[in-house]
Amino acid sequence: MGLPKRRCPNCGDTEQHFRRLHAAERVYALGQVDSADVHKYWRCTRQGCVRVQSYFNWRAGFDLPEEFRTPPQPAAT
């Protein structure tokens, strides 16, 4: 079974795959949401996106800081 798809407002309101938060992302998220709810927050997997949002409510979310942004991959030659 693949990653779930959810609406991502940062990606032009398109359906994107979301994954659970990694450790450093979770630490940052704990400063944004209640610790009892942090497990409900997932991150968009689209390259360059820093959106974290509730698995159940796409409107409840925030952006991670720039240091969490995935750098662009070099073009294959």
Side-chain angles (χ1 to χ4, degrees):
M1 185 163 118
L3 294 172
K5 283 188 128 181
R6 297 287 185 259
R7 180 179 181 178
C8 181
N10 287 17
C11 296
D13 273 341
T14 59
E15 293 276 317
Q16 299 295 327
H17 290 284
F18 278 75
R19 63 162 172 77
R20 293 190 183 274
L21 300 177
H22 292 158
E25 296 163 346
R26 187 178 175 90
V27 169
Y28 181 82
L30 284 168
Q32 305 297 310
V33 299
D34 188 77
S35 62
D37 293 328
V38 76
H39 70 280
K40 297 176 187 174
Y41 283 77
W42 291 49
R43 181 177 177 177
C44 180
T45 61
R46 184 172 179 215
Q47 188 168 338
C49 188
V50 290
R51 176 74 177 172
V52 172
Q53 66 189 39
S54 170
Y55 184 85
F56 303 103
N57 179 4
W58 65 270
R59 288 183 180 99
F62 54 90
D63 289 347
L64 293 168
E66 283 299 311
E67 58 263 22
F68 288 95
R69 193 173 300 276
T70 308
Q73 300 297 318
T77 56

Original post:
Yes or no on side chain to side chain contact (heavy atoms under 4.5 Å, CB included) for Phe56 and Tyr41, after CA distance, side-chain angles and deciding distance?
Top reply: CA-CA 9 Å; Phe56 303 103; Tyr41 283 77; over 6 Å; no
Original post:
Which is it for Leu21 and Trp42 under the side chain to side chain contact (heavy atoms under 4.5 Å, CB included) test, yes or no, and what are the steps along the way?
Top reply: CA-CA 6 Å; Leu21 300 177; Trp42 291 49; 5.8 Å; no
**OP:** Starting from the C-alpha separation in whole Å, work towards a yes-or-no answer on side chain to side chain contact (heavy atoms under 4.5 Å, CB included) for Gln53 and Phe62.
**Re:** CA-CA 6 Å; Gln53 66 189 39; Phe62 54 90; over 6 Å; no
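The structure places CD of Gln47 at 11.0 Å from SG of Cys11, a figure rounded to the nearest 0.5 Å. To the nearest 0.5 angstrom, Arg51 atom CZ is 8.0 Å from Trp58 atom CH2. Here the CZ atom belonging to Phe68 is positioned 12.0 Å from the CG atom belonging to Asp63, to the nearest 0.5 angstrom. Rounded to the nearest 0.5 angstrom, Leu30 CG and Asp37 CG are separated by 10.5 Å. Between Ser54 atom OG and Phe18 atom CZ the span is 10.5 Å, to the nearest 0.5 Å. Distance check: Arg20 CZ to His39 NE2 gives 8.5 Å after rounding to the nearest 0.5 Å.
Across all non-hydrogen atoms, the minimal contact from Val50 to Pro65 is CG1-O, 4.3 Å.
A cation-pi geometry, defined here as NZ or CZ lying under 6.0 Å from the six-membered ring centre and within 45° of its normal, holds between Arg6 and Tyr55.
Side-chain N or O atoms of Arg69 include one that pairs as donor or acceptor with a backbone N or O of Gly48 at under 3.5 Å. With hydrogens and angles ignored, the 3.5 Å screen pairs a side-chain donor or acceptor of His17 with a backbone N or O of Leu3. At distances below 3.5 Å, not a single donor-acceptor pair connects side-chain atoms of Arg7 with backbone N or O atoms of Gln16.
Taking 4.0 Å as the cut-off between side-chain N and carboxylate O, Glu25 and Arg19 count as a salt-bridged pair.
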